[in-house]
Protein chains: 2
Amino acid sequence: MATQRGRNGKRNGKANPAEDEAVYEAILHALLEGKLKAGVKLAEPPLADIFGVSRERIRKVLHRLGAERRLEMIPNRGARVPRPTLDDVRSVYEAHRVLEAGVLTQLARLVDDALIDKLTAHLAEERAAATRGDRAASVRLSGAFHVHLVEALGNAELTRFLSDLLSRSSVMVSVYEPATDSICAVDEHGAIVDALRARDVSRAIAVSREHFLHVESRLHLDDDAVPANEDLASVFGAIKPKRRKR
Amino acid sequence: MATQRGRNGKRNGKANPAEDEAVYEAILHALLEGKLKAGVKLAEPPLADIFGVSRERIRKVLHRLGAERRLEMIPNRGARVPRPTLDDVRSVYEAHRVLEAGVLTQLARLVDDALIDKLTAHLAEERAAATRGDRAASVRLSGAFHVHLVEALGNAELTRFLSDLLSRSSVMVSVYEPATDSICAVDEHGAIVDALRARDVSRAIAVSREHFLHVESRLHLDDDAVPANEDLASVFGAIKPKRRKR
DNA sequence: CCTCCAAAAAATGTGCACATTTGCTTCGTG
DNA sequence: CACGAAGCAAATGTGCACATTTTTTGGAGG
């Protein structure tokens with residue numbers, strides 16, 4: 001009885017990669033949605049309880065997120081949602097801006113009608129979302145525009161880096177972005193496409209640069225929007241109601 | 001008695017982050033040096049034996065390297081040194097080329113005498129290494145030149161990305177780069193500095209582009225240079241001769 | 001001699017029982 | 001009442017014992 005195993009209905013050494021992935025996705029999603037506020041502590045025991053999995057499962061996911069720099073891991077002190085400084089945010093936006101300058105430079109050699117058509121169609125989607133006031137869709141499509149640009153190069157390394165920057169900025173936006181007025185102006189995206197259509201690289205770069213500087217200028221610290229750590233269970237509420245305490 | 005602990009002299013739950021780091025560094029170093037050939041299987045038990053640490057220690061390091069895409073992890077089948085295709089290599093070089101175009105565009109606004117002086121001094125080092133025929137130093141300094149460029153922007157995200165690309169290409173070089181003739185020609189680096197000195201962005205970008213295309217054109221598959229997996233113990237030979245078998 | 005299949009051997013994956021460390025509360029003293 | 005030290009509760013880190021999966025081995029049959 002010392003080594004009692006096989007608690008309740010669960011089997012032991014059974015490999016279940018899908019379960020890892022589910023927990024990873026759940027936490028990442030909460031992070032990207034901005035449900036997990038900056039500075040919140042993510043302790044292993046409560047998370048294991050909430051998701052109904054073993055603590056090492058949680059531990060592995062947490063360390064993975066730490067390796068991706070999505071969580072701040074401190075030895076012997078666990079995981080916290082990082083609290084980016086304004087400089088950190090500027091750094092991400094600037095990186096995006098610099099990268100896109102390079103992308104556009106290269107794109108000038110590859111641009112064809114098919115690409116222009118694709119981007120034009122995307123602009124229509126963006127405008128539709130803006131017109132109907134769908135903020136969530138606008139944010140998503142706004143990011144997708146830049147992804148389309150880099151994807152046109154067909155370079156996996158660059159696409160990965162940009163996606164990483166984008167997801168990182170989307171988290172930061174929840175702290176630093178003014179919730180009132182919105183995302184990338186569609187017109188500025190349109191101006192980039194116009195310049196590409198005219199095969200005018202330097203204009204495309206200039207427009208892109210102005211576009212980013214415009215977005216960056218709107219950033220500001222939103223102190224009151226940090227109500228600190230709320231209950232973890234409510235954040236992951238509808239995921240897996242295994243057992244609750246109290 | 002069922003739970004016997006504290007085997008031989010070793011302490012159990014003792015935290016020892018330095019040991020993790022040492023193993024990580026050792027394997028990463030072997031990878032960067034090209035001592036671990038593409039396709040080699042990295043099994044946990046032999047590595048644990050070689051480094052004299054527990055298997056989970058090795059396991060953690062292996063998974064971390066997998067998350068960084070330095071090793072190829074296959075569920076239930078362990079870790080292998082990735083076998084990059086020629087397209088993979090081209091992708092890394094192209095990403096570097098595109099990124100540097102963006103970096104130079106931005107750098108044009110920031111370039112000052114101090115930077116020019118720094119780069120000029122670096123060029124002198126490169127020339128010295130080339131003159132004295134020190135190939136190892138030449139490779140290292142050649143990479144450092146590009147790091148200096150991106151570091152001048154003072155953007156941590158961009159610096160990290162470039163460093164990542166550089167370390168990745170240095171691994172690939174061991175498979176695809178002609179060992180006979182060498183690295184970035186110093187003159188091409190000099191031409192970039194000249195263009196920067198003249199504040200001529202488009203020339204700097206053009207030179208940089210040519211520079212990379214030149215390097216990329218020299219890539220070719222070196223089939224015979226893949227003698228497959230040799231003994232792991234010899235690769236990590238002088239690290240930690242704990243115990244040997246056979 | 002080759003192919004296919006079963007059984008054994010080896011390697012990977014996971015829960016668990018601790019050891020260790022951290023954080024917090026409480027109590028005593030100036 | 002402030003301050004610090006000791007003790008206690010909770011969280012993190014690690015080795016180990018299996019369960020599961022993959023790979024190798026060894027024959028039997030064509």
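In what follows, every chain begins at residue 1, and chains take the letters A, B, ... in the order their sequences are listed.
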*Asks:* Calculate the interatomic distance between Asp49(A) atom CG and dA10(D) atom C1'; express it in whole Å.
*Replies:*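 It works out to 14 Å between those atoms.
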*Asks:* Whole Å only: how far is the CD atom of Glu21(A) from the P atom of dG13(C)?
*Replies:*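 It is 14 Å, rounded to the nearest whole Å.
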*Asks:* Looking at residues at least two apart in the chain, or sitting in another chain, which of them share a side chain to side chain donor-acceptor pair (under 3.5 Å) with Arg97(B)?
*Replies:*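 Testing Arg97(B) for side chain to side chain donor-acceptor pair (under 3.5 Å), a comparison that skips the adjacent residues, returns Gln106(A), Glu216(B).
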*Asks:* Would you please confirm or rule out a distance under 4.0 Å between OP1 or OP2 of dT14(C) and any side-chain N or O of Lys60(A)?
*Replies:*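 So the side-chain polar atoms of Lys60(A) do come within 4.0 Å of the phosphate oxygens OP1 or OP2 of dT14(C), strictly under.
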*Asks:* From CD of Glu56(A) over to P of dG13(D), roughly how many Å is that when rounded to an integer?
*Replies:*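 In whole Å, dG13(D) P lies 12 Å from Glu56(A) CD.
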*Asks:* Taking CZ from Arg80(B) and C1' from dT23(D), how many angstroms apart are they, rounded to a whole number?
*Replies:*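 Rounded to whole Å, this separation is 12 Å.
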*Asks:* Without placing hydrogens or testing angles, list every side-chain donor-acceptor pair under 3.5 Å for residues 24-31 of chain A, not counting sequence neighbours.
*Replies:*
{"residue": "Tyr24(A)", "atom": "OH", "partner": "Glu68(A)", "partner atom": "OE1", "Å": "2.8"}
{"residue": "Tyr24(A)", "atom": "OH", "partner": "Glu68(A)", "partner atom": "OE2", "Å": "3.0"}

*Asks:* Using atom names, set out every protein N or O paired with an N or O of nucleotides 7-12 of chain C below 3.5 Å, distance rounded to 0.1 Å.
*Replies:*
{"residue": "dT12(C)", "atom": "OP2", "partner": "Glu44(B)", "partner atom": "N", "Å": "3.1"}

*Asks:* To the nearest Å, give me how far apart CE (Met73(A)) and P (dG13(D)) are.
*Replies:*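 Met73(A) atom CE is separated from dG13(D) atom P by 6 Å.
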*Asks:* Would you mind reporting whether Leu47(A) and Leu62(A) have side-chain heavy atoms less than 4.5 Å apart?
*Replies:*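 In contact.
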*Asks:* Using the side-chain contact (heavy atoms from CB on, under 4.5 Å) criterion, which residues pair with Ala129(B)? Sequence neighbours excluded.
*Replies:*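 Result, side-chain contact (heavy atoms from CB on, under 4.5 Å) vs Ala129(B): Arg132(B), Ala137(B), Ser138(B), Leu141(B).
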*Asks:* Rounded to the Å, how far apart are Glu19(B) CD and dG13(D) P?
*Replies:*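 Those two atoms, CD and P, are 15 Å apart.
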*Asks:* Check salt bridge (Lys or Arg N to Asp or Glu O under 4.0 Å) between Asp88(B) and all other residues, then give those that pass, not counting sequence neighbours.
*Replies:*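 With sequence neighbours excluded, Asp88(B) shows a salt bridge (Lys or Arg N to Asp or Glu O under 4.0 Å) to no residue whatsoever.
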*Asks:* Among all residues two or more places apart in sequence or in another chain, which pass the ring-ring contact (aromatic ring centres under 6.0 Å, His included) test with Phe212(A)?
*Replies:*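 ring-ring contact (aromatic ring centres under 6.0 Å, His included) list for Phe212(A), sorted by chain: His96(A), His146(A).
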